[in-house]
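Working notes for the structure below.
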Protein chains: 2
Amino acid sequence: MAKIKTAEKILMGATRLFAQHGYDGAIMDDLAEQCGVNKASIYYHHKDKITLYEHCLEALFTPIVDAIIVAVEQESGAQDKLAMHINTFAKESAAKPYFAAILMREMASGGTNLPVLARTQMQRILRLLKQVLAQGVDEKVFKKTEPLIVHFMIVGTINLFVATIPLRNALAMEEGCQSLKVSNVKPVGKQLAKTIIRSLLTDVTHPMPP
Amino acid sequence: MAKIKTAEKILMGATRLFAQHGYDGAIMDDLAEQCGVNKASIYYHHKDKITLYEHCLEALFTPIVDAIIVAVEQESGAQDKLAMHINTFAKESAAKPYFAAILMREMASGGTNLPVLARTQMQRILRLLKQVLAQGVDEKVFKKTEPLIVHFMIVGTINLFVATIPLRNALAMEEGCQSLKVSNVKPVGKQLAKTIIRSLLTDVTHPMPP
DNA sequence: AAAAAATGTAACTAATTAGTTAACTTTGTG
DNA sequence: CACAAAGTTAACTAATTAGTTACATTTTTT
């Protein structure tokens with residue numbers, strides 16, 4: 001069995017810490033302790049804190065965006081592409097919940113000091129969405145809309161859902177309110193896709209998602 | 001002309017700083033300097049950093065939630081109520097942009113260490129939404145849905161939109177892409193309301209928003 | 001086996017930062 | 001005006017934290 005390399009342990013631990021406490025709130029001594037790794041080892045593998053953060057973002061963002069692009073490419077119709085876009089974003093976010101937390105923090109900062117790489121990745125998603133929506137307009141299935149708003153609906157909704165899973169579980173415990181305890185993202189993605197597509201369709205006579 | 005009281009200056013400056021840099025990233029010396037106030041004055045008016053933060057949240061969250069509740073109460077039909085809910089949330093968020101940033105950060109932290117007061121305020125919004133949706137179901141205008149998902153769509157979309165205004169303006173400058181420079185929230189709220197209501201309506205023969 | 005790369009230890013530094021102190025100034029009130 | 005309470009100030013303390021250093025030990029590569 002291949003043992004987890006120190007560099008990998010550090011990257012994973014750092015991603016979790018940055019997601020939970022933000023860049024400033026993440027403390028390097030804590031990171032060392034939580035990964036069972038010496039602090040000097042962190043600095044052996046990563047130049048400094050900000051570089052480590054950038055490495056985390058790269059390792060986190062790139063494969064998610066890649067997965068979405070690949071998945072969307074497999075569909076042909078604009079409606080199917082859009083549904084796939086939304087559902088894959090939901091699936092990937094759920095599989096890597098630190099993505100949502102980190103992205104939300106970065107957006108909260110205005111995103112202006114977001115490392116170039118992470119910003120590029122977010123722009124790739126937006127560009128893809130624009131293409132899909134434009135295709136839909138060409139095919140006369142979708143109405144013309146502002147892609148940015150659709151993008152915000154997707155990212156905002158899914159991120160918020162994923163990031164608040166721990167909060168909602170805590171609330172459900174306190175209040176005995178089970179409806180809060182929705183932690184499966186799949187149906188959320190589905191309903192979101194349905195909602196967005198429904199509002200985009202030019203004509204209600206078009207085949208609608210059930 | 002009544003001069004702005006120090007306590008007020010501190011609260012406003014602190015809210016901005018917490019929104020921009022998060023709790024850990026906000027530095028008390030910076031706060032003092034930016035408000036043109038001595039650091040000791042901050043501690044004279046507010047016990048410590050965490051208490052100051054709680055004061056900021058209280059001053060920020062409560063009036064927003066109050067405004068939404070009041071606005072929704074003025075409508076009678078479920079559809080109008082929901083539209084008002086969304087549009088007022090959008091309007092209030094836009095008017096107090098630090099709200100979006102702070103809320104996003106708190107949600108990113110899982111919300112588990114969100115001060116009780118702020119959490120209560122968010123629950124008030126959710127409770128209101130639940131009532132409106134239930135009323136819609138009673139009136140046979142709305143389909144039955146998970147209120148939490150609708151809530152996330154509203155809060156997630158609007159928050160993301162408001163929080164990224166500075167980022168989008170920066171991007172628009174860089175790329176000359178004007179479509180990014182949408183900084184008026186009103187149409188976003190309107191489209192969001194339309195989208196959500198459209199997906200909730202039991203029947204397409206119901207009067208739909210244009 | 002020798003060399004090189006990776007990891008661990010533990011104490012250190014320099015800078016930052018939350019919070020304090022004690023003296024000082026302004027303001028409200030009889 | 002007098003004088004107490006409220007508010008403000010510069011300088012200080014104590015703790016925290018990013019990053020370092022010098023050296024020992026283990027693992028991997030050649």
Side-chain angles (χ1 to χ4, degrees), chain A residues 1-59 98 101-102 105-106 108-109 113-115 118, chain B residues 1-59 98 101-102 105-106 108-109 113-115 118:
Chain A
M1 170 188 142
K3 80 160 190 185
I4 302 164
K5 295 221 174 71
T6 304
E8 194 64 17
K9 270 199 289 188
I10 294 170
L11 211 63
M12 281 168 35
T15 306
R16 194 184 73 228
L17 216 62
F18 285 133
Q20 284 172 340
H21 305 287
Y23 180 78
D24 292 296
I27 285 145
M28 299 301 270
D29 289 85
D30 291 355
L31 174 59
E33 199 187 357
Q34 285 181 28
C35 316
V37 151
N38 193 273
K39 195 160 76 144
S41 293
I42 300 174
Y43 288 94
Y44 177 80
H45 287 286
H46 303 94
K47 188 171 163 279
D48 50 21
K49 192 180 178 182
I50 186 70
T51 310
L52 171 62
Y53 183 62
E54 282 164 12
H55 290 166
C56 290
L57 290 190
E58 174 151 8
Y98 301 138
I102 290 180
R105 277 183 209 283
E106 286 295 344
S109 301
N113 55 355
L114 188 74
Chain B
M1 172 187 141
K3 78 162 190 185
I4 302 164
K5 295 220 175 69
T6 303
E8 194 65 17
K9 271 201 288 189
I10 294 171
L11 210 64
M12 280 168 35
T15 306
R16 195 185 72 228
L17 215 63
F18 285 134
Q20 283 171 341
H21 305 288
Y23 180 79
D24 292 296
I27 285 143
M28 300 300 270
D29 288 85
D30 291 355
L31 174 60
E33 199 187 356
Q34 285 181 30
C35 313
V37 150
N38 193 274
K39 194 160 75 144
S41 291
I42 301 174
Y43 288 93
Y44 175 80
H45 288 285
H46 303 95
K47 186 171 164 278
D48 51 20
K49 193 181 179 181
I50 187 70
T51 310
L52 170 62
Y53 184 61
E54 282 164 12
H55 290 166
C56 290
L57 290 190
E58 175 152 8
Y98 301 139
I102 290 181
R105 277 183 208 282
E106 286 296 344
S109 300
N113 55 354
L114 189 74

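Quick note: numbers below take in every heavy atom, side chains included, and nothing from hydrogens, waters or symmetry partners. Below, chain A is the first sequence line, B the second, and so on; all start at residue 1.
DNA chain D is contacted by A:D48, A:K49 of residues 47-55 of chain A, taking any non-hydrogen atom closer than 4.0 Å. Remark: A:N38, A:A40, A:S41, A:Y44 in residues 21-44 of chain A come within less than 4.0 Å of DNA chain C through at least one heavy atom.
Distance CG/A:D30 to SG/A:C35: 10.0 Å, rounded to 0.5 Å. Note: A:E33 CD to A:N38 CG = 11.5 Å, rounded to the nearest 0.5 Å. Expressed to the nearest 0.5 Å, how far NE2 of B:H21 lies from CZ of B:R16 amounts to 8.0 Å. One finds the NE2 atom of B:H46 at 9.5 Å from the CG atom of B:L31 (value rounded to the nearest 0.5 Å).
Shown here are the ring-ring contact (aromatic ring centres under 6.0 Å, His included) partners of A:H45, two or more places apart in sequence or in another chain: there are none. With sequence neighbours excluded, the residues that form a salt bridge (Lys or Arg N to Asp or Glu O under 4.0 Å) with A:K39 are A:D29. With sequence neighbours excluded, no residue forms a ring-ring contact (aromatic ring centres under 6.0 Å, His included) with A:Y98.
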Only distances under 3.5 Å count here; give the side-chain donor-acceptor pairs of residues 49-58 of chain B to other protein atoms, sequence neighbours excluded, each with its distance to 0.1 Å.
unit_1, atom_1, unit_2, atom_2, d
B:K49, NZ, B:Y23, O, 2.9
B:K49, NZ, B:A26, O, 2.8
B:T51, OG1, B:D48, OD1, 2.6
B:Y53, OH, B:E106, OE2, 2.3

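In terms of phosphate contacts, B:T6 brings no side-chain nitrogen or oxygen within less than 4.0 Å of OP1 or OP2 of D:dG7. Distances shown here put a side-chain N or O of B:H45 below 4.0 Å from the OP1 or OP2 atom of D:dT8.
Nucleotide C:dA18 holds its C1' atom 14 Å from the CG atom of B:L17, rounded to whole Å. Here the C1' atom of nucleotide C:dT7 and the CD atom of A:E8 are 16 Å apart, to the nearest Å.
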